[in-house]
Amino acid sequence: EPRRWSPERRVSAVALRAGQRSAAALRWKGFIHLRRGRAEQALLDLEAACAAEPKRALSWHWKGEALAALGRLDEAVDAVTKSLRLDPGQAEPYLTLASLDAARGRAKAALAAYAAAQRADPRSARVFGERGCLLLALVGGREARKQLEISLSLDGRDAGRWADLSECL
């Protein structure tokens, strides 16, 4: 089944092909650069998108991911936090914030961000899986096993979570 694009993404793709520099086109262009490993170029486009539409949470979130890819973790936390202030109902920025907190050695803050992600999307296998992996790295044992089992029950296709679960057993 072909993947369906949102109307905004279709418009952005057309704008990109036409060479337009709208905020939506810049945002998607930045996302594409980010996914292709070109974080510096992604950051340029996403900074322009954030300047053009400062109230668009998605631009701030992706800017945070680009900053994180460049190793600028404190700035990345600021961008992701701004994204969450603009739209606190999305789980993805909480996951990014949790991974940034874990990378900075702030385990309690990372666990709090995972808890917020679970509140935002209680059926997300990724949330449970990533929280379980963090718990496994911190303390191992029963709670990590529980989180990974919940993750697998929601989506059992991820071999990495199976491997993590086997370490817990």
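Each residue takes its place number in the sequence, starting with 1.
In this structure, the side chains of L86 and R56 stay at 4.5 Å or more apart for every pair of heavy atoms. For the pair E53/R27, a side-chain contact is recorded, criterion being any heavy-atom separation below 4.5 Å from C-beta on.
The minimum heavy-atom distance linking A117 with Y94 is given by the pair CB-CB, 3.6 Å. Nearest heavy-atom pair, A48 versus L26, reported as atom, atom and distance to 0.1 Å: CB-CD1, 3.7 Å. Across all non-hydrogen atoms, the minimal contact from L84 to P93 is CD2-CB, 3.5 Å. The two residues A49 and A23 come nearest to each other via the heavy atoms CB-O, 3.7 Å. Residues A69 and A39 share a closest heavy-atom pair of CB-CB, 3.7 Å. Contact record, S83 with A57: OG-O, 3.0 Å, taken as the closest heavy-atom pair.
One finds the CG atom of D45 at 12.0 Å from the CH2 atom of W62 (value rounded to the nearest 0.5 Å). Atoms NE2 and CD, on H33 and E40 in that order, are 12.0 Å from each other to the nearest 0.5 Å. Interatomic distance, L46 CG to F31 CZ, rounded to the nearest 0.5 Å: 10.0 Å. Distance check, rounded to the nearest 0.5 Å: CG of L100 to CG of L67 gives 9.5 Å. For the atom pair R123 CZ and Q118 CD, the distance stands at 12.5 Å (nearest 0.5 Å). Note that OH of Y114 is 6.0 Å distant from OG of S99, once rounded to the nearest 0.5 Å.
Side-chain atoms of W60 never come within 3.5 Å of backbone atoms of K55 as a donor-acceptor pair (strictly under, hydrogens ignored).
A continuous path of ILVMFWY side-chain contacts below 4.5 Å connects L73 to V80, so both sit in one hydrophobic cluster.
In terms of the side chain to side chain contact (heavy atoms under 4.5 Å, CB included) criterion, residue partners of E92 (sequence neighbours excluded) are, by chain and number, H61, E65, L95, R126.
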Please test R72 against L43 for side-chain contact (heavy atoms from CB on, under 4.5 Å), starting from the C-alpha separation and ending with a verdict.
CA-CA 11 Å; R72 296 162 56 181; L43 182 59; 3.5 Å; yes
